[in-house]
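Encoded as structure tokens, the structure appears first; notes follow it.
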Number of protein chains: 2
Amino acid sequence: MITIYFAAGQSRWQNYEAPLRTALAEAGIIADLSPDCSDPAAVFYIIFAPGGEIEDFTPFSRCKAVLNLWAGVERVVANPTLTQPLCRMVDPALTAGMVEWVLGHTLRHHLGMDRHIINPSRHWEPTCSPIAAERPVTVMGLGALGQACATALQQVGFPVRGWSRTEKQIPGLTTHHGTDGLKAALTDAKTVVLLLPKTPATENILNMETLSFLATGAAILNPGRGHLIDDLALLAALDSGAIGHATLDVFRTEPLPQEHPFWSHPRVTVTPHIAAETRPNSASRVVVDNIRRGEAGQPFLHLVDRDRGY
Amino acid sequence: MITIYFAAGQSRWQNYEAPLRTALAEAGIIADLSPDCSDPAAVFYIIFAPGGEIEDFTPFSRCKAVLNLWAGVERVVANPTLTQPLCRMVDPALTAGMVEWVLGHTLRHHLGMDRHIINPSRHWEPTCSPIAAERPVTVMGLGALGQACATALQQVGFPVRGWSRTEKQIPGLTTHHGTDGLKAALTDAKTVVLLLPKTPATENILNMETLSFLATGAAILNPGRGHLIDDLALLAALDSGAIGHATLDVFRTEPLPQEHPFWSHPRVTVTPHIAAETRPNSASRVVVDNIRRGEAGQPFLHLVDRDRGY
């Protein structure tokens, strides 16, 4: 019997209890799983989402791992009381959902769908985009999500370049890295997809200078982190037409405040942080698999590197 | 020196002359290529698009092939004076463009993009679609375009079923055929893609009965032919909410008349016959390759079966 503390909020408990109990039963793990914790020292695993349930990890002295329900860990990784191993969520359904969002919005901009979706004057103008093979896409961030998106975009025919902070070799993908590689990665891109983690090194990586590298009328897709974009520089580039459109899923403040200029800008689409929503069924299987590994003395999957911050 | 008559209209001549001359030069073919014809009996090949240039093919007594610039041939195949071989356009860029249109609009409906593209009340509602693996798509018509779309949809994760009038076995794809197979093909589909040719057997194939097989709120995509849908049955199903949305690229009358109810229906998106627009560069290479084959005594590619009508 192992004790598992679900420290991710009462509303999530409603969605997660049944899938977690099913996944534990399938893995043959007998556990005391609860959203309440009377004895921190008895807890073996913490299923976690940021939001106030735990600020101090010190009392969880026997805890073998903190299993985050989200892919992003920036709100917990810097907590100095967290000495236990921290695992990110790498949910196969989350990756699938992200690929669908990125591919869907890339194709939407590529095909110019909005002029048909909103066409009150009933204008019949049969002009046609060039095919995807003539429209380069740059994917910034080459983790699990970025690589999956790059592959899916390539399968549809887009020429894809990747960029990451440190060098990565990925078969079949042209990659650039580091500050020196930004210009080569971004020049003439017609779509840019931001899938970098939030670290000090990635803040405002899309700014007045780097936006200027893109093709005129390029589309920006940000399903990554709000801090990756210098918002004022983006608004200026949208106003001038240098950038054609931005579809943004993440923001410095969420929900995006009602008075924020992104809501009313004709060249901005706001989606409400849905690109990488974790799905309970598949996420529960991922969490339980890590508990099974911990109990079997195997290394945890998706362990966070505390120095890099992701 | 062979004589090639470009009988596809003066406006297309503007776009096609240079690509055709380039493709002929690349193939080493010396030709008299012209949009005018003073001596029909001297013409070896006709590059054709319907529209009035040729109604009577009888005078073209030495013509080896009529090379259609479009995939659809219904406006020429029934011409009783046409005794020459007729070839359809199978343009690789046309297939790519069709796949992009189908995949893009399938993902648009699947992700519910329109509620974010048009969101004047600035509503932040982070609900999230199930992933593609839970949203079956049915592709009606399994020619070159239908098969390419089915493969692309499968790569993104959609479960895909195919339907064709006559039986087709396609590795990795669940297929149904004939009138008896319609119910099995369509039941519970969340998206239907119409890519059937226009023949008497396919007219109104989506009607009150077959629409009722689909999942509630399903999306209809018609990049095929306007006649495939019973328009009144579709409008009734959209009004009742049984069908969630229709994105239509082809119509019984084109351009779609300004007073047609499709223009104003909140659940219909009209695209102006752009899904399978032929691109001059690649189409010219396909036409010239068939001329090269004809001169070398090889069988023509994409020859139309006159009895089937496509």
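So you know, we letter chains A, B, ... as the sequences are listed, proteins then strands, and number each from 1.
Looking at B/S121, the atoms closer than 4.5 Å to chain A (heavy atoms on both sides) all sit in the backbone: N, CA, C or O. Neither the backbone nor the side chain of A/A152 comes within less than 4.5 Å of any heavy atom of chain B. Heavy atoms of A/R279 lying under 4.5 Å from chain B belong exclusively to its side chain. Contacts between A/F262 and chain B at a heavy-atom distance below 4.5 Å are absent for every atom of the residue. The part of B/L111 that comes within reach of chain A is its side chain, from C-beta onward, which places non-hydrogen atoms under 4.5 angstrom from that chain. Heavy atoms closer than 4.5 Å to chain A are found in both the backbone and the side chain of B/V270. At a 4.5 Å heavy-atom cutoff, B/P120 makes no contact with chain A through either its backbone or its side chain. Both the backbone and the side chain of B/Q258 come within less than 4.5 Å of a heavy atom in chain A. Proximity to chain A (any heavy atom under 4.5 Å) is restricted, for B/E259, to the backbone atoms N, CA, C and O. Contact annotation for B/A93: both backbone and side-chain heavy atoms come within less than 4.5 Å of a heavy atom of chain A.
In this structure, the side chains of B/H273 and A/W124 come closer than 4.5 Å at one or more pairs of heavy atoms.
Options A/I131, A/L107, A/L103 differ in how many heavy-atom pairs under 4.5 Å they form with chain B, and the most are formed by A/I131. No other option in B/E277, B/H260, B/Q155, B/E254 has as many heavy-atom pairs under 4.5 Å with chain A as B/Q155. Looking only at heavy-atom pairs under 4.5 Å with chain B, the residue among A/P255, A/S264, A/A96 that has the most is A/P255.
Within the model, atoms CH2 of A/W101 and NE2 of B/H110 stand 13.5 Å from one another, a figure rounded to the nearest 0.5 Å. For the atom pair NE2 (A/H116) and CG (B/L248), the distance works out to 12.5 Å, reported to the nearest 0.5 Å.
The minimum heavy-atom distance linking A/P126 with B/P272 is given by the pair CB-O, 3.2 Å.
Taking the side chain to side chain donor-acceptor pair (under 3.5 Å) definition, one finds that B/R108 meets it with B/H105, B/D114, B/H245, B/T247, B/T269, sequence neighbours left out.
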